[in-house]
Amino acid sequence: MEGTLFLPVGPLRGVTRVPGDKSISHRAVLLGAVNAGPVEVTGFLRSADTLATVRAARALGVTVEEHGPGGEDLTVHGLGWEGLREPVDIIDVCNAGTLIRLLPGLLASTDMFCVLTGDESIRRRPMARVLEPLALMGASTWARGGGRLPPAALCGGRLHGIEYTMPVASAQIKSCLILAGLRADGVTVIHEPGPSRDHTETMVRYGGAQVQREGDPLGAGNTIVHPLPGDLNLGPIAVPGDFSSAAFLLVAALLVPGSRLTVDRVGLNPTRTGLVQALEAMGARVRVVVEDVAGPEPLGSLTTSQQELTAVDIGPDLVPLMIDEVPIWALAAARARGISRLRGASELRVKESDRLAATAELLRALGVRVKEVEDGLDIEGRPEGWTRGMVRSRADHRLAMVGAVAGLASDEGVEVDDAACMSVSFPDFAATIRSVSTPGR
Ligand code: S3P
């Protein structure tokens, strides 16, 4: 495959926006599908992952209308749980981990038979973490490799509330159990070893469900799910810009000389913004302004400018709050003065790619010294910049964008072997960069 060369750019300037949040877009369609009636969604992310969720909802008999100039407004004609139709074929989630983990929870209380599969990367990702607790609740589940890997199948039924300790802090496992717990015949208690994004809780509460959290809001705790009498009654859902996409622009602005950039209308849910803390601990100043808490997530603006960075240690407390931003944080660390250490990050090994190995390989291709350990990385920063490189994305959208930002902030350019996979979460990445970059280097 032909690579794409990302050349150094002049200062990134002005105010820009990023497409809708991927996690919230998935949830808006999935919860919209079981809502008591139509749900209006604005700012929906149109990407490969979230369009797979629209197709899944349609396969369940739900009408999803697309409006707006780019189709980023939806009307999801919810049928309630009882109104869903058994899919007549296998559901292909493509590359969407969130879809393959949440859908079994949504369907576990129906008596429908459903088979789920996805692309090569999805078929390497662990499924037992959601199928085992669903089986404890009363669903019948199957999966390849002794119940571990997709394709996976599910036949739902009458569910019981359970008390369950999650093996890892994961929003996907927690969300799957919340969706099933809403339909169980008793209370479900989920013990969480650490924090994870809380978009599912926020959205189902917005729809009238009773879900409580005990413990540290940004640490370990319990999520308690009460059975929902009837269906959800969701108001309109305004999807904020995706913090995880904004993260690439933020780090680009920190690294490209002369930059000062604002990204506005970004989701600022504190379970997502750990990267800001990590960058601040490296000496960066990032201005965060919360503007609105409607529809039902907080959103606002992020502003930063090019600055010198110093090394930092990132541990297991912060990793879950920046789980998808670790690769782009690592690029910032690769420019910082000193050795940055990341620990408690073994979950990154089961993302779209093994993101610890992939990040280490990418940085080494730029001439950065990196030591990889089981649960993290040691990164020796090169404040002087990096060498011209050819990097591998391993078909992982976030790795491809790390390579692109490395190119923008380089002296001679960086080639990314497969940049097309950016369409999984940020199809307009290159156009957004062009719109804020100025000539000059
Ligand atoms: C997601 C949760 C995260 C994240 C993924 C999206 C979600 O995974 O890595 O990209 O939408 O719930 P875990 O919380 O399961 O680690």
Side-chain angles (χ1 to χ4, degrees), residues 19-31 44-45 47-50 52-53 56 93-106 118 121-122 125-131 133 166-179 190 192-204 218-221 223 237 239-240 242-248 267 269-275 297 316 318-329 344-356 358-359 375 396-402 421-422 424-426:
D21 186 278
K22 183 153 78 72
S23 291
I24 299 172
S25 294
H26 281 303
R27 286 159 173 82
V29 173
L30 292 174
L31 293 172
F44 175 75
L45 168 68
S47 74
D49 259 25
T50 48
T53 296
V93 306
C94 303
N95 192 244
T98 300
L99 179 56
I100 205 164
R101 266 60 173 271
L102 269 58
L103 198 51
L106 193 80
S121 147
I122 278 289
R125 298 188 67 182
M127 283 301 285
R129 46 177 61 196
V130 293
L131 298 181
M166 298 201 309
V168 289
S170 158
Q172 293 179 348
I173 307 177
K174 177 180 63 175
S175 299
C176 174
L177 299 184
I178 291 173
L179 298 177
I190 308 163
E192 299 169 67
S196 59
R197 63 194 67 192
D198 63 0
H199 305 304
T200 303
E201 299 86 302
T202 303
M203 203 178 282
V204 298
L218 297 180
T223 293
I237 298 172
V239 181
D242 198 327
F243 180 89
S244 297
S245 297
F248 295 100
N269 182 316
T271 61
R272 295 285 299 280
T273 53
L275 176 72
E297 292 271 347
L318 197 53
V319 168
L321 304 176
M322 53 182 284
I323 187 83
D324 291 340
E325 289 67 64
V326 169
I328 191 64
W329 163 81
S346 34
E347 267 298 292
L348 267 83
R349 296 204 183 273
V350 290
K351 295 293 177 190
E352 284 85 330
S353 66
D354 174 343
R355 284 188 175 158
L356 289 182
T359 302
D375 67 337
D396 181 332
H397 55 127
R398 301 211 192 275
L399 266 297
M401 287 185 276
V402 173
C421 60
M422 292 178 191
V424 160
S425 62
F426 197 167

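Index from 1, following the sequence. Just follow the structure's listing: the first ligand is 1, and inside any ligand the first atom is 1.
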(message) Going by salt bridge (Lys or Arg N to Asp or Glu O under 4.0 Å), name the residues that satisfy it together with Glu352, two or more places apart in sequence or in a different chain.
(response) Arg125, Arg355

(message) Side chains of Ser244 and Arg272: any donor to acceptor distance under 3.5 Å?
(response) yes

(message) List the residues meeting salt bridge (Lys or Arg N to Asp or Glu O under 4.0 Å) with Arg27, not counting sequence neighbours, and say none if there are none.
(response) none

(request) Could I get the full list of ring-ring contact (aromatic ring centres under 6.0 Å, His included) partners for Phe243, not counting sequence neighbours? (result) none

(request) Going by the side chain to side chain donor-acceptor pair (under 3.5 Å) test, name the single residue among Arg197, Glu297, His199 that passes it with Ser23. (result) Arg197

(message) Between Asp354 and Arg349, does the salt bridge (Lys or Arg N to Asp or Glu O under 4.0 Å) criterion hold? Intermediate values first, please.
(response) CA-CA 4 Å; Asp354 174 343; Arg349 296 204 183 273; 3.0 Å; yes

(message) Given a heavy-atom cut-off of 4.0 Å, could you list the residues near ligand 1 in chain and number order?
(response) Ser23, Arg27, Thr98, Ser170, Ala171, Gln172, Arg197, Ile323, Asp324, Lys351

